[in-house]
Participant: 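Let me begin by handing over the structure; questions about it come next.
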Amino acid sequence: METESEPYVRLASLRQLHEVMADMNTARSLADTLQTVANGVTQALGYELACVNLVRPDGDLVVAAFSGNQAAESLITGRVGSRESWERRLSMGETWGDLVFIPHTEGWILDDDDVPQWYTDGPAPRFEDEWHPSDRLFAPMYTPNVKGGQCGELIGVLSVDRPRNGRRPGAWGREALQMYAFQAAIAISNARLRANMQRALVRLEREQQALRASEESFRQAFEYAPSGMAIAEMGGDQHGRILRTNDALCRLLGRPASAMRRYAFSDLVHPEDIGTLLRTSAEGGRAELRLGRRDGTYVWVSLRNSVVADAADGPRFLLTHVEDIEDRKRRELQLAHRASHDSLTGLPNSAELRSRLSSRLCQRSAHAGALETMDAAFGHPAFDANGHGFDFRSGGAEAYDTFDHHVHTAAPEGERDDGTKGLAVLFCDLDGFKSINDRFGHNAGDAVLIEVARRLSQCVRDGDTVARLGGDEFVILADGLGKADAADLAVRLRNEIIQPIRAEGRAVRVGASFGIGWAHCGMTADEVLKSADERMYVEKRSRPKQHRRAG
């Protein structure tokens with residue numbers, strides 16, 4: 001650098017300064033930029049030593065680059081000075097624009113602080129503007145202020161020492177150092193931005209690689225899962241529409257993937273299970289239901305739903321795992337059937353009969369306390385003969401159903417058919433069955449029971465119940481019959497039973513006695529069966545013995 005007393009600066013010096021600034025902005029990394037900044041001070045600005053102190057995220061300043069002395073570089077590079085000590089330095093001494101100059105007469109108080117320093121030896125100044133070895137000159141570097149101010153946030157400090165001409169910098173030297181610090185701040189900010197962008201790009205690439213790997217893992221897990229998998233839409237006009245299925249689900253339902261995309265699960269589910277599906281789809285979770293195959297049959301499956309949510313839009317997709325449970329469900333149904341049906345004839349057993357009968361009957365006594373309270377409060381009968389209560393709160397006798405909308409079962413009264421339709425209970429006892437067991441063995445007896453069960457089932461309507469109560473006793477529940485209808489049914493059933501039965505290679509006959517009882521609310525199932533049983537014995541005793549026997 002030329003001396004300050006000269007009226008001009010050589011073009012070569014300006015060119016060198018320009019080249020250094022260009023190098024700062026073309027460095028490949030932040031570390032290269034910092035070192036270029038330090039080197040530029042010693043190469044173009046005429047100082048023998050230069051140090052770049054960079055502000056760390058915690059606010060302290062670290063020696064990030066050094067130029068001019070390898071011994072000093074190895075000693076202080078990487079060392080840290082506290083932000084407090086640096087702020088003290090930048091508030092002392094003389095201010096030359098943005099520069100801070102601390103003469104040796106004041107700087108001695110800084111010798112023991114924690115800022116890394118390099119001490120140089122030399123003779124004392126002989127004249128006023130001569131550089132003293134203990135003089136300090138700092139050029140703060142600030143981020144460019146986007147709002148148009150002179151400076152922004154402090155990002156570092158340039159420390160320079162030992163001007164080559166041995167004199168304190170004049171006006172041009174100060175201006176040059178200040179401009180250099182400004183350009184260095186821009187270069188460092190840009191280098192940091194590039195470094196952050198590079199790190200972000202690297203992180204983004206890693207995340208994308210991880211995402212691609214995750215998507216590939218999901219795709220393979222989805223496609224090659226041994227059980228069915230599906231992805232369906234949530235919300236909007238296409239709610240529930242299947243977007244994607246795997247091979248296992250397509251094989252399970254016998255439908256190609258292209259066809260599956262035309263459906264929602266609600267299109268495939270058994271009509272009786274649609275409520276279960278809707279609850280499961282809305283809440284996620286697990287359900288067991290039936291899905292339709294292409295051939296029109298249904299298969300029992302277990303659905304496990306997981307809602308896939310988007311941070312911005314909320315629930316977006318429904319991931320559904322479909323497991324074939326047909327075999328397990330078949331076993332469960334078989335066990336349930338065995339528990340409720342007779343193992344020999346396949347008819348409902350005694351427990352199932354009582355359950356079906358009880359479901360039709362309500363017990364008046366269960367509501368007696370509440371009704372009697374109403375009776376006492378209003379001074380009127382609280383219920384009528386049909387089990388209906390009366391609401392007197394409005395001043396009138398408005399009838400209401402005290403049994404949760406239960407349809408009360410009534411029974412015909414008297415010996416004549418009064419037109420009332422009720423639930424007929426036909427108690428059937430086989431006549432002559434014991435002699436078949438005794439003469440031909442239990443296998444023949446079992447064959448007779450099986451055939452009787454078949455004939456009874458064929459003679460009743462859909463919805464009627466034929467049950468085996470035990471031994472050679474059967475019970476038929478037939479709803480909506482009058483007295484004459486029930487009597488006609490008993491005759492038809494008896495005529496079917498007395499036809500010859502093939503058992504163990506021979507034709508045998510049995511007779512049948514029927515008792516007709518009527519179920520109505522207020523009775524228990526056992527009371528109804530006992531009533532029909534008693535009527536059967538009355539009917540059996542009223543018939544001549546020869547008409548009851550068979551062989």
Side-chain angles (χ1 to χ4, degrees), residues 222-223 225-308 315-341 346-349 351-353 355-356 358-360 404-407 457 460-467 477 479:
F222 184 91
E223 294 293 343
S227 52
M229 300 287 287
I231 298 176
E233 284 192 8
M234 288 194 70
D237 297 337
Q238 299 294 320
H239 179 77
R241 184 174 66 89
I242 296 173
L243 301 174
R244 185 176 177 183
T245 56
N246 69 348
D247 289 342
L249 181 58
C250 293
R251 290 195 304 270
L252 177 64
L253 300 182
R255 302 175 186 269
S258 58
M260 289 291 291
R261 288 193 290 270
R262 297 197 297 266
Y263 296 104
F265 275 112
S266 57
D267 301 324
L268 302 173
V269 73
H270 192 284
E272 295 177 2
D273 299 334
I274 188 68
T276 302
L277 174 69
L278 294 178
R279 287 192 299 272
T280 305
S281 298
E283 303 168 1
R286 180 191 296 257
E288 293 184 354
L289 43 76
R290 289 158 288 182
L291 292 180
R293 291 190 175 108
R294 186 178 184 180
D295 61 6
T297 61
Y298 287 89
V299 57
W300 276 100
V301 299
S302 171
L303 293 186
R304 292 202 305 272
N305 289 329
S306 300
V307 177
V308 181
R316 291 289 307 279
F317 305 105
L318 199 66
L319 177 62
T320 303
H321 177 259
V322 184
E323 182 181 0
D324 182 359
I325 59 170
E326 181 72 18
D327 291 340
R328 174 172 67 81
K329 207 67 179 180
R330 185 183 296 111
R331 289 193 297 270
E332 290 177 357
L333 294 175
Q334 288 174 348
L335 290 174
H337 186 272
R338 291 174 186 173
S340 61
H341 288 71
L347 297 177
N349 59 18
E352 178 67 11
L353 171 67
S355 175
R356 295 186 185 184
S358 296
S359 68
R360 290 295 312 277
D404 298 330
H405 307 291
H406 171 76
V407 179
S457 299
V460 299
R461 303 164 302 176
D462 292 340
D464 292 345
T465 295
V466 178
L477 304 182
D479 201 3

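We use all heavy atoms of the structure for the numbers below, so side chains are in, but hydrogens, waters and symmetry mates are not. In this text, all values refer to a predicted model and were calculated from it rather than measured experimentally.
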Participant: Start with the C-alpha distance between I231 and T320, add both sets of side-chain angles, then the distance that settles side-chain contact (heavy atoms from CB on, under 4.5 Å), and finish with yes or no.
Facilitator: CA-CA 6 Å; I231 298 176; T320 303; over 6 Å; no
Participant: Go through the steps for L319 and M229 under the test side-chain contact (heavy atoms from CB on, under 4.5 Å), then give the verdict.
Facilitator: CA-CA 7 Å; L319 177 62; M229 300 287 287; 4.1 Å; yes
Participant: Determine whether R244 and E223 make a side-chain contact, defined as any pair of heavy atoms from C-beta on separated by less than 4.5 Å.
Facilitator: yes
Participant: Once salt bridge (charged side-chain N to carboxylate O under 4.0 Å, His left out) is applied, do any residues pair with E233, and if so which ones, sequence neighbours excluded?
Facilitator: R241
Participant: Can you check salt bridge (charged side-chain N to carboxylate O under 4.0 Å, His left out) on E323 and R328, steps first, answer last?
Facilitator: CA-CA 11 Å; E323 182 181 0; R328 174 172 67 81; over 6 Å; no
Participant: Residues two or more places apart in sequence or in another chain: which of them pass salt bridge (charged side-chain N to carboxylate O under 4.0 Å, His left out) with E326?
Facilitator: R330
Participant: If you take all heavy atoms of T276 and E288, which pair is closest and at what distance?
Facilitator: CG2-O, 4.4 Å
Participant: Within the structure provided, determine whether L253 and T245 are in side-chain contact (heavy-atom separation under 4.5 Å).
Facilitator: no
Participant: Kindly write out the residues that satisfy side-chain contact (heavy atoms from CB on, under 4.5 Å) with H341, not counting sequence neighbours, or none if the list is empty.
Facilitator: H337, P348, R356
Participant: Step through the shown structure and confirm whether more than 12 heavy atoms of other residues, nucleotides or ligands are within 6.0 Å of CZ on R294.
Facilitator: no
Participant: The criterion is side chain to side chain donor-acceptor pair (under 3.5 Å); which residues satisfy it with N349, sequence neighbours excluded?
Facilitator: none
Participant: Would you name the heavy atoms of A225 and A248 that are closest together and state the gap between them?
Facilitator: O-CB, 3.6 Å
Participant: Could you list the residues that satisfy side-chain contact (heavy atoms from CB on, under 4.5 Å) with H270, not counting sequence neighbours?
Facilitator: E272, D273, R290, Y298
Participant: What's the separation between atom CG in L249 and atom NE2 in H321, rounded to the nearest 0.5 Å?
Facilitator: 10.0 Å
Participant: Which donor-acceptor pairs under 3.5 Å do the side chains of residues 256-267 make with protein atoms, sequence neighbours left out?
Facilitator:
residue, atom, partner, partner atom, Å
Y263, OH, R255, NH1, 3.4
D267, OD2, A264, N, 2.9

Participant: I need the E352 CD to L347 CG distance, nearest 0.5 Å.
Facilitator: 11.5 Å
Participant: Going through the distances and angles, do L277 and L303 end up as a side-chain contact (heavy atoms from CB on, under 4.5 Å)?
Facilitator: CA-CA 9 Å; L277 174 69; L303 293 186; 3.9 Å; yes
Participant: If only atom types and distance count, is the side chain of T297 paired as donor or acceptor with the main-chain N or O of R293 below 3.5 Å?
Facilitator: no
Participant: Can you tell me how far CG of D464 sits from OG of S457, rounded to the nearest 0.5 angstrom?
Facilitator: 10.5 Å
Participant: Side-chain contact, heavy-atom cut-off 4.5 Å: V301 with L289?
Facilitator: yes
Participant: I would like to know whether L477 and L353 meet side-chain contact (heavy atoms from CB on, under 4.5 Å); could you show each step before the answer?
Facilitator: CA-CA 9 Å; L477 304 182; L353 171 67; 3.7 Å; yes
